Colleague: 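Let me give you the structure first, and then I'll get to my questions.
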Amino acid sequence: MSALQLAFSDLLHSLRNWRLWTLLGWLEIRQRYARSKIGPFWLTISMGVLVGALGVVYGSLFGQNIADYLPMVAIGLVAWNLFSSLVNEGSMAYINSSSYIRQVNTPKLIYVLQVAWRNLVIFAHNFVIVLLVLAVFGVKSWLTLPLFIPGLVLFIFNGLWIGMIAGLLSARFRDFPQIIAALLQVAFYVTPILFHGAMLSEKHRWIVTFNPLAYLIDVVRQPLVGIAPPASTWIITGVMALLGWLFALWLTGRYHKRIPYWV
Amino acid sequence: MSTSIRLHQVALDLPIFDVTAQSLKKRVLRLGRKNRLAEDNTGVVIVRALSGIDLALEPGDRLGLIGHNGAGKSTLLRVMAGIYPPTAGVVEVRGRAIPLLDINLGMDDQSTGRQNIRLRGLLLGMKDAEIRAKSEEIAEFTELGDYLDLPLRTYSSGMRLRLAFAIATAVDAEILLLDEVIGVGDASFQEKAARRLEQLHARAEIVVLAIHNPQVIRQSCNKALWLERGTLRSFGAVDTVLADYAQHTGLTVLNE
């Protein structure tokens, strides 16, 4: 069986085992917030505080109109949080599940899907803030709103393939999680989350133009702030998702047999 | 398609990664050096865990694995369970193989006993309907009663064992792979476990168990396999293999 076929069949089996990875994902959330009264809503609260503080501080620092700036920061931060935890936790997907991997013969990608599920649940909690901000400052355009759905799908798919590769590399090379965490930190500052492309002078516009993550943020953010993402954004994020998935699956198939030995 | 296990010339190399081998830094630093040949040792120690294993099991076979610690018993079980793909040779396993290698697998401390039944059941490849159908039987075997609705962190290790054992043995396995698990627990549990294993024998078509106690092997197996340092020393009828083993180790106690 070729590497891709192996990975596809693993993916298929993993998807069929959805009961297992949704349960594993939930368990992790439950463990983190065991016996806490409001559970994962603590995340919502801390994210809300962060959004409020950054929005107000940077908004006045950059001299921005708060009604425009705060929704932008809120959506950007919530989306970035999903992306960075998909990649960060994806890098630990196999390592943290080593006890399962070495005891039972399950499809391997369930451990990546478990990370995805967990972070989607957390994202849903954080999304309350976005709704709140939109309710307060008003929806700019109802027409562009539905575009958020395909945008989010592309966004998640892109986060997933990066997480999938990160997980595989991290299982083999244990320095990888640290490297990834550091890179994500840098990526946060060069990606237009606290700022947007139009705020940069022409000279520095390349930071946004050549940053693939900028397009990823745009594809989820623009529909919510009343802008229809241009065709180039859709094409770039779509092609990235497609090629990324093919590469990630090929890599997973290629090293599929080694995973139990690595963890 | 009947249940069977066939191993042909199976060998398994286990890479042991020490800290240096799993470090990317070392890898990168090595790139710049010229004498690649001398430096080609990546620091990964390869242990030949199994070599040249040949065996065939038919429905009805109960195989007991004996050998010293580190002889490769658990590794062989993992190969049969499909967890470790072999380095060389052919592994052919037909039928649903359920490994019971570590009793703590998939036991979540914050979840109740009943939730753990579902978690472990799913990990062992059961469907939800199957788990529901079996959960009463499991509950009965564990004798945990109301404790099943308490979180697992309140359980004693004996209670955990009972629960884990009950779940693993509730699966309709065609092949059951057990690793030293029945050696633990108190006397009454051991007796009960042995009885349950017998019932299971009636259902499961092939059972492979790794255990130190030759008495148990004599009681419940019809075949035995003696592993030494990853190679097969002797395989066949229980009495012959146990006699060989006893002779080798000089343990006369084995001869009843």
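Lettering of chains follows the sequences in order, A, B, ..., and the numbering in each one begins at 1. Just so it is clear, the structure is predicted and the values come from calculations on it, not from any experiment.
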Colleague: Nearest heavy-atom pair of A/Arg102 and B/Arg78: which atoms, and what distance?
Modeller: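 Shortest heavy-atom contact: O-NE, 2.8 Å.
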Colleague: Please classify the contact between A/Leu20 and chain B as side chain, backbone, both or neither, with a heavy-atom cut-off of under 4.5 Å.
Modeller: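 For A/Leu20, backbone and side chain are both near chain B.
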Colleague: Counting heavy atoms not belonging to B/Phe141, are there more than 12 under 6.0 Å from its CZ?
Modeller: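 More than 12 heavy atoms, drawn from other residues, nucleotides or ligands, come within 6.0 Å of this atom.
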Colleague: Give, as side chain, backbone, both or neither, the part of B/Leu12 having an atom under 4.5 angstrom from any heavy atom of chain A.
Modeller: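 Contact with chain A is through the side chain of B/Leu12 alone.
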Colleague: What part of A/Ile101 gets closer than 4.5 Å to chain B, counting heavy atoms only: side chain, backbone, both or neither?
Modeller: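 Contact with chain B is through the backbone of A/Ile101 alone.
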Colleague: Roughly how far, to the nearest 0.5 Å, is the CZ atom of A/Arg19 from the CG atom of B/Leu119?
Modeller: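 Those atoms lie 14.0 Å apart.
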Colleague: Could you tell me which portion of A/Ile110 (side chain, backbone, both or neither) has an atom closer than 4.5 angstrom to a non-hydrogen atom of chain B?
Modeller: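 Neither the backbone nor the side chain of A/Ile110 comes within 4.5 Å of chain B.
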Colleague: Any idea which heavy atoms bring B/Leu123 and A/Val104 closest together, and the distance?
Modeller: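 For B/Leu123 versus A/Val104, the nearest heavy atoms are O-CG1, 4.0 Å.
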Colleague: Step through the shown structure and confirm whether more than 12 heavy atoms of other residues, nucleotides or ligands are within 6.0 Å of CH2 on A/Trp26.
Modeller: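 Check fails, neighbour count at 12 or below.
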Colleague: Quick one: CD on A/Gln31 to CD on B/Gln110, what's the gap to the nearest 0.5 Å?
Modeller: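 These two atoms lie 6.5 Å from each other.
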Colleague: Give the minimum heavy-atom separation between A/Leu27 and B/Ser111, together with the two atoms involved.
Modeller: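 A/Leu27 and B/Ser111 have their closest heavy atoms at CD2-OG, 3.2 Å.
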Colleague: Can you confirm whether more than 12 heavy atoms, excluding those of A/Trp80, are under 6.0 Å from its CH2 atom?
Modeller: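 Check passes, neighbour count above 12.
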Colleague: Would a distance-only check, ignoring hydrogens and angles, find a side-chain to backbone donor-acceptor pair under 3.5 Å from A/Tyr261 to B/Pro85?
Modeller: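 Between the backbone of B/Pro85 and the side chain of A/Tyr261 there is a qualifying donor-acceptor contact (under 3.5 Å).
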Colleague: Heavy-atom count around B/Arg229 CZ within 6.0 Å, excluding the residue itself: above 12?
Modeller: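 12 or below, so no.
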Colleague: If you look at every heavy atom in A/Pro260 and B/Tyr84, which pair is closest and at what distance?
Modeller: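 Looks like O-CE2, 3.8 Å.
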Colleague: Between B/Leu122, B/Leu177, B/Ile83, B/Leu124, who has the most heavy-atom pairs with chain A when the cutoff is under 4.5 Å?
Modeller: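 Of the options given, most contacts go to B/Ile83.
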Colleague: Taking all heavy atoms of A/Gln103 and all of B/Leu101, pick out the closest pair and write down the distance.
Modeller: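 In terms of heavy atoms, the two residues are closest at OE1-CB, 3.1 Å.
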Colleague: With a 6.0 Å cut-off (strictly less than), is the heavy-atom count around CZ of A/Phe157, excluding the residue itself, greater than 12?
Modeller: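 No - once you tally the heavy atoms of other residues, nucleotides and ligands closer than 6.0 Å, there are 12 at most.
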